[in-house]
Structures are given as structure tokens and as C-alpha cells.
Amino acid sequence: MQTWNKEIIIEAPIETIWNLFELDQIQRIMPNIVEHKPLELKEGVVGSTYEQTYQEGKRTEKYIVTDTEYENTDQIKHKKIEFTLAKAFKIQTSFTLVKLDNQSTKFIYAGQNEGLNLMGKTFIKLGSSKKNERVVEDFVEVVRTEALKDS
């Protein structure tokens, strides 16, 4: 199993950053998601499902994302999602924002990738932890960059 937990301070208001995670903005911070459409939106968000289409090069994957945790207060914004990719990986990620002051927000990106079958477990075991760290670093940097554009 691969896990990650990255924290940074972004010099932008909490609401500005949180807006990047809205349905109509998600492609700004996750450009490989070429389609993100709601299937079922639940009151209170938890249990809501979305169909995402992810494209990397010529390869395209469709999967169902489920919101498993959600908090939206003035001081803390949090969303945790999970999905199964290619019937081989169960992926859980969380995005947490903590308001430090009106212009500073702590962004915490955490998650795990678990192999569900022999193929998935082998890929994770053979995969590069450096490559995974780079993906996490790149994502956090995109969120920071996009938030600064809007603040």
C-alpha cells in the first residue's frame, strides 16, 4: 500500500482554495480528469457519487468516485473521496483546508493506494515511491498556483 500526507501553507483565503474543488473547477487542479459528472448528489454531500473519466496519453479510464467525508465550516473545509481504478486499486484521498487567517490557509493532501488483486499489489510493490511523491508534489503545487491566480 502506498500512502501520502503533504501539508503546505497557501497565501490565499480558505474559500478561494475550496472553490477549486467545486464540480465546475476541478479540471483546473486535475487536468487529466476530462469529464466529471454527478451521478447522485446527496444532501450533506457524504454518499454522493460522480463518474470521472481520466486520460493519460491515449489511455482512458472511467470510474465512480464516492464522497466519504465532508466538512464545510468557516475554519475547516474537508473532503475525502474513494474510488476503484481498473478493478486493481482502491484509492482514497482527502483534501483538508484549515484557515490560519484571512489570507493564509493550511492545505493538507493525504491518501492511500491499495492493491486489490495480485496485479494491483504487484504494481504498487514495483512502483517508485519517488514517482508517487512527485505526483503528490505536483498536485499540491497546482492547487497553490491556481489559488494564487484567484486571490
Side-chain angles (χ1 to χ4, degrees), residues 1-8 10 12 14-98 105-147 149-150:
M1 178 182 322
Q2 287 178 331
T3 61
W4 61 92
N5 189 341
K6 177 71 177 169
E7 295 184 19
I8 65 165
I10 300 175
I14 192 169
E15 291 295 337
T16 299
I17 303 166
W18 190 239
N19 287 338
L20 295 171
F21 292 89
E22 293 292 328
L23 287 175
D24 63 342
Q25 298 293 309
I26 200 79
Q27 288 175 305
R28 288 179 60 191
I29 57 174
M30 298 177 187
N32 287 2
I33 295 175
V34 294
E35 188 175 28
H36 181 79
K37 63 182 180 186
L39 296 177
E40 183 178 6
L41 299 177
K42 303 266 186 166
E43 190 174 327
V45 180
V46 173
S48 295
T49 56
Y50 314 85
E51 181 183 72
Q52 279 188 352
T53 305
Y54 177 89
Q55 185 169 356
E56 191 169 0
K58 292 183 179 184
R59 194 183 92 223
T60 301
E61 291 280 345
K62 279 188 190 248
Y63 47 87
I64 306 301
V65 176
T66 303
D67 290 323
T68 59
E69 295 177 7
Y70 185 82
E71 181 178 355
N72 186 356
T73 67
D74 291 342
Q75 299 297 313
I76 296 175
K77 315 277 186 197
H78 171 78
K79 185 174 194 172
K80 184 175 184 179
I81 62 171
E82 71 177 39
F83 58 96
T84 299
L85 184 62
K87 299 179 185 170
F89 307 99
K90 180 179 180 182
I91 301 167
Q92 297 177 328
T93 60
S94 67
F95 316 99
T96 305
L97 303 174
V98 179
T105 306
K106 181 190 295 186
F107 172 46
I108 306 162
Y109 175 47
Q112 66 180 35
N113 184 353
E114 177 183 2
L116 295 177
N117 54 29
L118 183 60
M119 183 187 78
K121 290 174 184 174
T122 302
F123 266 90
I124 288 174
K125 202 172 252 187
L126 296 175
S128 164
S129 61
K130 291 253 187 257
K131 184 178 180 189
N132 189 55
E133 288 171 20
R134 183 82 246 144
V135 169
V136 170
E137 294 281 340
D138 289 349
F139 175 70
V140 169
E141 183 56 27
V142 167
V143 172
R144 187 186 74 76
T145 300
E146 290 298 317
K149 284 181 187 176
D150 291 352

Engineer: Report the distance from atom CE of Met30 to atom OG1 of Thr93, rounding to the nearest 0.5 Å.
Structural biologist: 6.0 Å
Engineer: Do the charged groups of Lys37 and Glu51 touch, with an N to O distance under 4.0 Å?
Structural biologist: yes
Engineer: For side-chain contact (heavy atoms from CB on, under 4.5 Å), just list the numbers for Asn5 and Thr3, CA-CA rounded to whole Å, side-chain angles, deciding distance to a tenth of an Å, and then say yes or no.
Structural biologist: CA-CA 7 Å; Asn5 189 341; Thr3 61; over 6 Å; no
Engineer: Treating Asn19 as the side-chain partner and Gln25 as the backbone partner, does any N or O pair qualify as donor plus acceptor under 3.5 Å?
Structural biologist: no
Engineer: What are the two closest non-hydrogen atoms of Ile8 and Ile10, and how far apart are they?
Structural biologist: CD1-CG1, 3.6 Å
Engineer: Evaluate Glu146 against Lys149 for salt bridge (Lys or Arg N to Asp or Glu O under 4.0 Å), listing each step before the verdict.
Structural biologist: CA-CA 5 Å; Glu146 290 298 317; Lys149 284 181 187 176; 2.9 Å; yes
Engineer: Are Val46 and Asp67 side-chain neighbours, meaning at least one heavy-atom pair lies under 4.5 Å?
Structural biologist: no
Engineer: Between the main-chain N or O of Ile14 and the side-chain N or O of Thr105, is there a donor-acceptor pair closer than 3.5 Å?
Structural biologist: yes
Engineer: Distance-only, no hydrogens or angles: does the Thr68 side chain make a donor-acceptor pair with backbone N or O of Lys80 under 3.5 Å?
Structural biologist: yes
Engineer: For a 4.5 angstrom cut-off between non-hydrogen side-chain atoms, does Ser129 reach Gln2?
Structural biologist: no
Engineer: Are more than 12 heavy atoms, taken from residues, nucleotides or ligands other than Asp24, located less than 6.0 Å from that residue's CG atom?
Structural biologist: yes
Engineer: Should the pair Glu141-Arg144 be classified as a salt bridge under the 4.0 Å nitrogen-to-oxygen rule?
Structural biologist: yes
Engineer: Is there a side-chain contact between Lys62 and Glu35 (heavy atoms, below 4.5 Å)?
Structural biologist: yes
Engineer: Do the side chain of Gln55 and the main chain of Gly57 share a donor and acceptor less than 3.5 angstrom apart?
Structural biologist: yes
Engineer: State, to 0.1 Å, how close Met1 and Ile124 come at their nearest heavy-atom pair, and which atoms those are.
Structural biologist: N-CG2, 3.8 Å
Engineer: Distance check, rounded to the nearest 0.5 Å: Asn72 atom CG versus Phe21 atom CZ?
Structural biologist: 12.5 Å
Engineer: In terms of heavy-atom contacts, does CD of Glu22 have more than 12 from other residues, nucleotides or ligands at under 6.0 Å?
Structural biologist: yes
Engineer: What closest approach, in Å, do Lys79 and Trp18 show between heavy atoms, and which atom pair accounts for it?
Structural biologist: CB-CH2, 3.9 Å
Engineer: Supply the atom-to-atom distance Lys77 NZ to Ile17 CD1, rounded to the nearest 0.5 angstrom.
Structural biologist: 11.0 Å
Engineer: Do Lys6 and Glu133 sit within salt-bridge range, that is, some charged N less than 4.0 Å from a carboxylate O?
Structural biologist: no
Engineer: Do Gln92 and Glu114 pass the side-chain contact (heavy atoms from CB on, under 4.5 Å) test, and can you show the C-alpha distance, the side-chain angles, and the key distance before you say yes or no?
Structural biologist: CA-CA 9 Å; Gln92 297 177 328; Glu114 177 183 2; over 6 Å; no
Engineer: Looking at every non-hydrogen atom in both residues, tell me the closest pair between Ala147 and Leu20 and how far apart they are.
Structural biologist: N-CD1, 3.6 Å
Engineer: What pair of heavy atoms forms the shortest contact from Leu116 to Phe89, and how long is it?
Structural biologist: CD1-C, 3.9 Å
Engineer: Going by atom types alone, do Glu61 and Tyr63 pair a side-chain donor with an acceptor below 3.5 Å?
Structural biologist: no
Engineer: Can you confirm whether Tyr50 sits close enough to Leu23 that some side-chain heavy atom of one is under 4.5 Å from a side-chain heavy atom of the other?
Structural biologist: yes
Engineer: For the CG atom of Asp74 and the CD atom of Glu15, what is their distance to the nearest 0.5 Å?
Structural biologist: 7.0 Å
Engineer: Okay, side chain of Thr49, backbone of Thr66: is any donor-acceptor separation there less than 3.5 Å?
Structural biologist: no
Engineer: Rounded to the nearest 0.5 Å, what's the gap from CZ on Arg59 to CG on Asn32? Could you check?
Structural biologist: 9.5 Å
Engineer: Would you call Ile64 and Phe83 a side-chain contact if the rule is heavy atoms closer than 4.5 Å?
Structural biologist: no
Engineer: Of all heavy-atom pairs between Ile33 and Gln27, which one has the smallest distance, and what is that distance?
Structural biologist: O-NE2, 2.7 Å
Engineer: Any chance you could measure Ile29, atom CD1, to Thr145, atom OG1, to the nearest 0.5 Å?
Structural biologist: 11.5 Å
Engineer: Return the orientation label for the Phe95 and Tyr109 ring planes: parallel under 30°, perpendicular over 60°, tilted otherwise.
Structural biologist: parallel
